[in-house]
Amino acid sequence: MRKKRILILSEGFGKGHTQAAHALAAQLRQSSPNLITRVLELGAFLHPTLAPWVFSAYRRTVTLQPKLYGVLYRNQYKKSLNSLASLVLHRMFYARSKAIIQQLRPDLIVCTHPFPSIIVSRLKRAGLDVPLFTVITDYDVHGTWINPAVDKYLVSTPPVRDNLLDRGVAESRIEVTGIPVHPDFRLNYSKELIRQEFGLKAMPTVMVMGGGWGIFKKEEKEELLTHLANWSKDIQLLICLGTNEKARRQLLMEEAFRQPNVHLIGYTHEISKLMDISDLLITKPGGMTCTEAIAKGIPMLFYSPIPGQEEKNCDYFQELGFGQRITSLDMIDHWFKLLMEQYPELAERRSSIRKQQALDSKSCAEAIKDYLALTDKRAYLHASSKTPLIHW
């Protein structure tokens, strides 16, 4: 039997979209030896020099001007990207996308970010005959995700499905699968071994995340992080700074963060293990981080949601009782006192969260496998000789 090829396209506007892409690839490989996956951040692959500048500009906008980002998000909330904007996007950043697809010859393309989904949809309208799935990686759906050329939407929750239905997407094109998380987040690790591995103590532990970019605004560092550090005698803090090594070095220079129970963690592939030994997560409400936390059953406190999708994520998890938005430093003090005084009750709460979040529907990987099983048609174009060969 010929192995099926699945091309998973993401983009580097935040780490969550690409995390979802790699998580899906891992799920697919684990589920069947007859599937081959390839993950690409499409714009970064095509423009390795330009892309970091674009992503940096986006990061500065959402960090320094979140209200502006929120206005733009809300103004376009119910609008798909128009044909002119799609053409401009294609010409400026994605003109060689067709050649890449011709080289890789996938049986199915899956997108975890709206931009590659828009580009592949455009190519499909121009004659590309490859099925296109779009995985919506938040707990809401912005108009830019929606395109008639998408064959199937894999969505996080029934409310997101209903949102798509209200916008005219046929029910047959939607499946509720949850957001894909890496199989590691479904495992239970030995807490004792994890503590030994990372040099941690057996005491109430709080994990603090600034997203994959490890961004904390100046006021968040001065107010939130410093306030947390004042609890380090009784609460062990794991402050995860992602790829922001500059911020990690700056915090190390301050006495408040050089305490024995304060651990400043840079980029790591071991977040699933660190979540296992954490009793509470303080985080921005990114779709991917929240999904991973729920897989581990960790109660969450949310700070500084970006206006738009993060506010929607925050609302969703608050309504379910899985997290709370931080409205004052007193709320943090309240939770930390609970950790110290009612630890068994919080451990039981964690177990309850893990049970509640289990989906009865198929996972993303199962939905893709079922779709591929319906057809053995090789729906790719002939390979191009003008593009350097791209290997699976």
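Quick note: numbers below take in every heavy atom, side chains included, and nothing from hydrogens, waters or symmetry partners. Start at 1 with the first residue, then count along the sequence.
No side-chain N or O of Ser10 forms a donor-acceptor pair with one of His17 less than 3.5 Å apart. Side-chain contact check for Asn261 and Trp231: no donor-acceptor pair (N or O, by modelled atom type) lies under 3.5 Å.
In this structure a side-chain-to-backbone donor-acceptor pair under 3.5 Å is missing from Thr289 to Gly286. Of the possible polar contacts, none joining the Asp151 side chain to the Phe133 backbone as a donor-acceptor pair under 3.5 Å is found. A donor-acceptor pair is defined here as one N or O able to donate and one able to accept, closer than 3.5 Å; no such pair exists between the side chain of Gln27 and the backbone of Pro183. Between the side chain of Arg161 and the backbone N or O of Val155 there is no donor-acceptor pair closer than 3.5 Å. A donor-acceptor distance shorter than 3.5 angstrom exists from the side chain of Asn147 to the backbone of Ala149, with no hydrogens or angles considered. With hydrogens and angles disregarded, a donor-acceptor distance shorter than 3.5 Å links the side chain of Ser232 to the backbone of Ala229. A donor-acceptor pair is defined here as one N or O able to donate and one able to accept, closer than 3.5 Å; such a pair exists between the side chain of Asn313 and the backbone of Tyr139. Remark: side-chain polar atoms of Thr112 are not paired, donor with acceptor, to backbone N or O of Val135 under 3.5 angstrom. Between the side chain of Thr37 and the backbone N or O of Ile6 there is no donor-acceptor pair closer than 3.5 Å. Looking at Lys284, its side chain never comes within 3.5 Å of a backbone N or O of Met209 through a donor-acceptor pair.
In this view, Gln318 satisfies the side chain to side chain donor-acceptor pair (under 3.5 Å) rule with no residue, not counting sequence neighbours. Under the rule for a side chain to side chain donor-acceptor pair (under 3.5 Å), the partners of Gln236 that lie at least two apart in sequence or sit in another chain are Thr205. Checked against side chain to side chain contact (heavy atoms under 4.5 Å, CB included), Lys246 has the following partners two or more places apart in sequence or in another chain: Asn244, Arg249, Gln250.
In this structure, Leu320 is a member of the same hydrophobic cluster as Ile294, with clusters built from ILVMFWY side-chain heavy atoms closer than 4.5 Å. Grouping the Ile, Leu, Val, Met, Phe, Trp and Tyr side chains by contacts below 4.5 angstrom, directly or via other members, places Met203 apart from Ile282. Residues Val208 and Met340 share a hydrophobic cluster, clusters being chains of Ile/Leu/Val/Met/Phe/Trp/Tyr side chains in contact below 4.5 Å. There is a path of hydrophobic side-chain contacts, each under 4.5 Å, that joins Met331 to Leu338. No chain of hydrophobic side-chain contacts below 4.5 Å, direct or via other Ile, Leu, Val, Met, Phe, Trp or Tyr residues, connects Met275 to Leu193.
The number of heavy-atom neighbours closer than 6.0 Å to NZ of Lys312, taken from other residues, nucleotides and ligands shown, is 12 or below. Within 6.0 Å of the CD atom in Glu192, the count of heavy atoms belonging to other residues, nucleotides or ligands does not exceed 12. The environment of Lys191 atom NZ is dense: over 12 non-hydrogen atoms of other residues, nucleotides or ligands sit within 6.0 angstrom.
A side-chain hydrogen bond (donor to acceptor under 3.5 Å, both in side chains) with His142 holds for exactly one of Asp138, Asp140, Thr144; it is Thr144. Checking Val169, Val176, Val160 one by one against Tyr153, the side chain to side chain contact (heavy atoms under 4.5 Å, CB included) holds for a single residue, Val169.
Between Glu255 and Arg258, no side-chain nitrogen of the basic residue sits less than 4.0 Å from a carboxylate oxygen of the acidic one, so the salt-bridge criterion is not met. With salt bridges taken as basic N to acidic carboxylate O contacts below 4.0 Å, one links Lys296 and Asp276.
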>> side chain to side chain contact (heavy atoms under 4.5 Å, CB included), that's the test. Do Leu165 and Glu171 meet it? Break it down for me.
In response: CA-CA 7 Å; Leu165 291 173; Glu171 187 171 5; 3.8 Å; yes
>> With side chain to side chain contact (heavy atoms under 4.5 Å, CB included) as the criterion, how do Arg105 and Arg5 come out once you've worked through the C-alpha distance, each side chain's angles and the decisive distance to 0.1 Å?
In response: CA-CA 8 Å; Arg105 300 185 295 173; Arg5 300 174 175 183; 3.7 Å; yes
> Checking side chain to side chain contact (heavy atoms under 4.5 Å, CB included) for the pair Leu132/Ser117: CA distance, chi angles, key distance, verdict?
Replying inline: CA-CA 8 Å; Leu132 171 62; Ser117 182; 4.2 Å; yes
>> Is there a side chain to side chain contact (heavy atoms under 4.5 Å, CB included) between Cys240 and Met207? Walk through the geometry before answering.
In response: CA-CA 7 Å; Cys240 299; Met207 190 174 189; 3.6 Å; yes
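Rounding to the nearest 0.5 Å places SG of Cys314 at 10.0 Å from CG of Leu301. Atom CD of residue Glu245 and atom CG of residue Leu241 lie 8.5 Å apart, to the nearest 0.5 angstrom.
Val262 and Ala256 get closest at one heavy-atom pair: CG2-O, 4.1 Å. The shortest heavy-atom contact between Cys364 and Thr177 is SG-OG1, 3.1 Å. The two atoms that bring Tyr189 and Leu187 nearest to each other are OH-CD1, 3.7 Å, heavy atoms only. When all heavy atoms are compared, the tightest approach of Pro106 to Leu7 is CB-CB, 3.8 Å. Shortest non-hydrogen contact noted between Asp107 and Pro131 is O-CD, 3.3 Å. Among all heavy-atom pairs drawn from Ile119 and Ser97, the shortest one is CG2-OG, 3.6 Å.
Under the 4.5 Å side-chain criterion, counting only non-hydrogen atoms from C-beta, Arg325 is not in contact with Asp315. When side chains are defined from C-beta on, Asp234 does not count as touching Pro204, because their heavy atoms never get closer than 4.5 Å. At least one side-chain heavy atom of Cys290 sits under 4.5 Å from a side-chain heavy atom of Phe302. Counting heavy atoms from C-beta on, the side chains of Leu42 and Tyr94 come closer than 4.5 Å. Between Phe257 and Leu237, the closest side-chain pair of non-hydrogen atoms is not below 4.5 Å.
Taking the six-membered ring where the residue is Trp, the centroids of Phe198 and His263 are separated by 6.0 Å or more. Aromatic rings from Phe45 and His47 are positioned such that their centres are separated by 6.0 Å or more.
Ring-plane geometry between Trp145 and His113 is classed as tilted, the angle between the planes lying from 30 to 60 degrees on a 0 to 90 degree scale. Phe317 and Phe322 have tilted rings, their planes meeting at an angle from 30° to 60° on a 0 to 90° scale.
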